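Please read all numbers here as calculations on a predicted model, not as lab measurements.
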Amino acid sequence: MENSQIFHDFSVSTSISNDSSSCHLNSSAENQSYEDILNNSVNNSEQNDANEDPESYVVVGQDFEEPVSLEGSVVKDDDEAYELYNSHAFRNGFGTRKGKKEYRSGTRIVRQRFFVCAYEGFKNPDGVVPKSFKKIDRRTGCKASVQFDVDKKTGVYVLSKHSRLHNHSMVPANKRHLIRSHRHISKEQLAFLTTFTCSGTKLADVLRAMRKEVGGEANLGFTVPDAYDAVLAEKKKKLDGCDSNQLIRWFAMRQAKEHDFYYDFQLNEENQLINFFWRDGRMRSDYEAFGDLLIHDTTYRTNKYDMICGPFVGMNLHTQNIMFGVGFILNEKAGTFDWLFNSFLTSMGGKQPVTIMTDQSSAMDKAIREVFPKSRHRLCTWHIGENAVVNIKGVMAKEGFKRRFDYVLKYTDTVAEFEHYWNSLMTDYNCKTHKWIERLYDLKEKWCPAYNKEWFSGGILSSQRSETTNHSISRRLHKTNGLCDFYKCFLDVIDEWRSKENKGDYNSSTGNRYYACADNMLCLHARDVYTIAIYLIFEQRFIKAIGLRCQRISYEFPVSKYIVGHPTKDFIRHVVMFNEQELVVDCTCKSYGEIGVLCSHILRVFIVHNVEEIPKQYIMKRWTKKAMNMIVEEGEDRDNEVSVVSASVWRMQSIRNCIKVINEAQHCPAARKLIDLGVLDMSCKVKEYIGGVEGDGNVSNKYVREETLLDGIEPSTDTVLPDVVEPIAEKVIPTMIQNPPKRKRKIKNGTEKANERNVRPKGIVEKKRNKLKGWNKRRERHVDNLREETQSTDQCIINLPVGGVLVHPTSSNSQLEAYVPDDYFGVHIQPL
């Protein structure tokens with residue numbers, strides 16, 4: 001964040017503090033004599049610190065007297081008076097406290113002001129019963145203090161009396177940073193700490209980095225407990241006493257500023273928040289462009305109230321995650337899901353997705369049938385695989401069953417192929433009568449890809465994309481965090497996803513990846529049309545198409561019929577129908593309807609017919625570079641730099657410039673002193689200017705933008721959550737919303753199960769392999785191996801004539817077909 005300010009605040013320089021104290025003084029003749037005395041004492045103190053060991057002249061338990069008197073000093077107000085005495089106390093090794101005020105009779109005008117030593121007085125006894133924990137008592141009844149008299153006419157503070165004798169020992173120089181009055185966390189430091197903690201970084205790690213940056217805890221300006229207390233106090237300051245009430249107020253304020261922001265919530269009879277949903281305007285526009293696929297998962301419930309987090313996730317034009325909305329629900333009942341889905345559908349203008357992917361839940365299935373009757377409901381195959389391990393342990397343990405079951409579960413292309421291998425699997429392992437397998441077969445249309453080829457799903461087989469959202473949040477938050485913390489965290493996650501999308505847009509619009517097929521016109525056209533991510537998929541399929549065998553079995557102008565497949569890997573091949581006049585093509589794998597990219601079988605036919613461009617009807621808009629209209633808003637007044645550049649952008653630019661100068665001067669003492677003097681001079685001028693502008697009473701929004709500390713800790717969004725509750729929120733929220741009721745955690749075998757998530761564990765080898773080789777290529781090899789292994793079982797059973805080929809049916813027939821050569825007709829088709 002504001003690194004240049006942090007560098008300045010972290011530095012503890014005696015000369016700077018002295019100069020800053022003297023800059024508060026008046027320019028009178030009396031004040032000038034005091035400055036001379038103070039500067040001389042400071043120079044002597046610096047020389048002693050440089051030549052002697054700080055502890056050599058400190059005797060523990062011995063009284064001491066301050067060497068310099070501050071009598072006659074003149075300052076402007078109460079704050080400068082305290083700063084003067086506190087900085088003097090730091091140089092002499094003791095702390096200070098604010099003493100009493102005396103007022104003029106009958107008024108609230110200050111007549112005298114007292115500041116005392118931190119060891120002044122004694123604490124009152126806490127009572128007869130001793131406490132288990134008590135703070136350290138450092139009071140010794142010290143009489144050292146200063147007295148300021150306030151001038152009746154001018155209001156300036158004049159130091160009239162200075163008691164310098166202390167009845168305790170001086171604190172050594174290397175421990176003075178621990179004195180309470182000399183510890184302070186600035187706004188910039190607090191914003192720095194809060195930003196990192198909100199981003200998921202542990203506060204201890206942030207403090208460790210800050211101590212290393214400034215050269216130790218002594219130069220930091222505060223201690224570790226101070227940091228924890230300050231962050232906690234800042235967090236409480238943002239709440240109005242109730243986590244849920246503050247969250248709904250933020251929603252109401254944001255809706256008042258953004259016309260397309262939507263939120264909804266439910267309360268119980270006791271005004272406790274039980275369900276809520278929200279989405280912003282960008283999510284609505286994203287859903288208009290990419291709302292054909294919707295993924296919803298409810299396995300994450302790590303929060304203070306044990307509420308279930310249910311994000312609505314999709315896939316953008318770069319195959320990246322994209323957020324459509326976020327919901328929190330208290331239970332997984334059908335009525336709760338019905339409310340949540342209706343809220344989502346209402347916020348999106350009634351547009352239903354083509355496919356909705358969820359985990360297996362009867363309550364969710366009932367709600368989807370009622371709210372999304374036009375959508376295709378798909379079940380997560382990964383959850384089915386995990387349930388299979390639990391429900392059919394004996395069968396899964398048999399050799400070869402798991403791999404064949406995995407192929408039937410995920411990778412069959414046609415209904416005929418699925419039925420063939422399913423029956424073969426049930427017969428070989430004698431498990432057709434198992435109740436769980438029977439229930440699974442009854443739901444085959446919801447999980448088998450062969451039954452869902454006509455509905456777009458982007459090739460997604462599981463709700464893993466939604467679980468990625470949960471993983472992003474779990475790295476930042478803990479089950480002790482509240483709803484407001486989750487809201488801020490979701491803003492961070494959404495901002496990160498949108499940053500990745502912007503990077504993908506930039507790369508696709510300004511550059512192109514080096515392609516493998518450099519001189520092929522079809523690949524050149526795909527490169528111009530698709531984004532880089534989709535072009536890589538297209539290119540991979542084109543390269544695969546080169547190795548396929550294409551055999552024409554019939555021709556009736558203008559339609560040609562081909563059998564396409566790999567000569568050694570594909571025991572069952574696909575049939576492609578191609579109309580060369582209208583450029584209409586159809587393949588039995590139906591991959592285009594499912595993914596939106598032409599399959600390798602069709603591309604092989606295109607290569608045979610020298611098709612140089614992808615037909616327009618086979619270019620899905622959601623995968624193209626122009627899938628979303630990118631509008632760049634320019635500032636109206638381009639001559640005024642302040643109006644064009646926002647405060648946050650200007651701050652970051654200034655930080656970079658300051659860091660550059662500091663890095664150049666850090667090894668030269670003279671240059672460092674020059675920077676220190678320049679910072680002091682600039683600071684005084686800025687305070688003078690700002691004070692003058694505020695004094696005029698004509699502050700214009702053209703130059704000053706109201707910002708709170710929350711700007712520093714919130715993620716970079718267009719919305720600022722103010723501290724002050726606006727009147728609009730009172731109209732929207734008439735009653736005080738209470739926090740959700742605490743759910744009772746289910747305990748099984750002595751272990752809490754409420755906060756568990758379904759996460760597939762990955763080993764180190766698998767993670768490295770995914771990173772180096774890429775998931776897509778590894779998945780393709782895995783599918784090819786499974787297909788080859790599964791189809792090899794049929795080669796020993798099915799006896800085809802010489803030259804015969806087993807193919808997928810072109811009709812809705814559930815049986816595979818065999819193409820057998822015939823001497824008279826050329827080709828004879830017979831069912832298997």
Between Phe405 and Tyr429, is the ring centroid distance below 6.0 Å?
no

Are the aromatic rings of Tyr592 and Trp623 close, with centres under 6.0 Å apart?
no

[X] to [Y] - nearest heavy-atom pair and separation:
X	Y	result
Ile437	Trp422	CG2-CZ2, 3.6 Å
Met315	Thr319	CG-CA, 3.5 Å
His566	Gly547	CD2-O, 3.7 Å
Lys410	Pro449	O-CG, 3.0 Å
Ser508	Ile532	OG-N, 3.4 Å
Phe337	Ala367	CB-CB, 3.6 Å

Do [X] side-chain atoms and [Y] backbone N/O form a donor-acceptor pair below 3.5 Å?
X	Y	result
Ser347	Tyr262	no
Arg604	Leu548	yes
Asn452	Trp447	no
Ser285	Arg282	yes
Thr346	Asn342	yes
His609	Val611	no
Thr381	Leu461	yes
Asp338	Ala334	no
Thr355	Phe456	yes
Gln581	Pro558	no

Surrounding [atom1] of [X] (heavy atoms of other residues, nucleotides or ligands, distance under 6.0 Å), is the total greater than 12?
X	atom1	result
Asn430	CG	no
Lys398	NZ	yes
Lys351	NZ	yes

Validation row: [X], [Y] side chains within 4.5 angstrom (heavy atoms):
X	Y	answer
Val584	Gln617	yes
Trp497	Ile322	no
Ile614	Leu522	yes
Ile494	Met283	yes
Arg376	Glu445	yes
Ile534	Met620	no
Arg541	Ile595	yes
Ile384	Leu440	yes

Taking atom [atom1] of [X] and atom [atom2] of [Y], what is their separation to the nearest 0.5 Å?
X	Y	atom1	atom2	value
Asp292	Ser375	CG	OG	10.5 Å
Asp570	His808	CG	NE2	8.0 Å
Asp586	Lys561	CG	NZ	11.0 Å
Ile572	Thr414	CD1	OG1	7.5 Å
Cys550	Leu603	SG	CG	11.5 Å
Ser361	Asp365	OG	CG	8.0 Å

According to the interplanar angle, ranging from 0 to 90°, do the rings of Tyr407 and Tyr411 count as parallel (below 30°), tilted (30 to 60°) or perpendicular (above 60°)?
tilted

Start with the C-alpha gap between Asn507 and His318, add the side-chain angles, then the distance that decides, and say whether side chain to side chain contact (heavy atoms under 4.5 Å, CB included) holds.
CA-CA 11 Å; Asn507 292 337; His318 307 292; over 6 Å; no

Would Lys446 and Arg378 count as a side chain to side chain contact (heavy atoms under 4.5 Å, CB included) if you check the C-alpha gap in whole Å, the side-chain angles of each, and the deciding distance to 0.1 Å?
CA-CA 5 Å; Lys446 291 188 177 181; Arg378 297 279 300 274; 6.0 Å; no

From CA spacing to verdict: side chain to side chain contact (heavy atoms under 4.5 Å, CB included), Met323, Val313
CA-CA 5 Å; Met323 188 75 73; Val313 181; 4.3 Å; yes

Among Lys453, Arg573, Lys590, find the residue that satisfies the salt bridge (charged side-chain N to carboxylate O under 4.0 Å, His left out) test when tested with Asp413.
Lys453

Side chain to side chain contact (heavy atoms under 4.5 Å, CB included) between Glu501 and Gln320: does it pass, once the steps are laid out?
CA-CA 7 Å; Glu501 183 178 357; Gln320 299 168 341; 3.9 Å; yes

Quick one: does NZ or CZ of Lys444 land under 6.0 Å from the six-membered ring centre of Tyr441, within 45 degrees of the ring axis?
yes

Do we see a donor-acceptor contact under 3.5 Å between the side chains of Thr588 and His574?
yes

Have a look at Phe312 and tell me which of Phe490, Phe372, Phe324, Phe344 forms a ring pair (Phe, Tyr, Trp, His ring centres under 6.0 Å) with it.
Phe344

I would like to know whether Arg284 and Glu288 meet salt bridge (Lys or Arg N to Asp or Glu O under 4.0 Å); could you show each step before the answer?
CA-CA 6 Å; Arg284 171 68 183 270; Glu288 291 293 333; 3.3 Å; yes

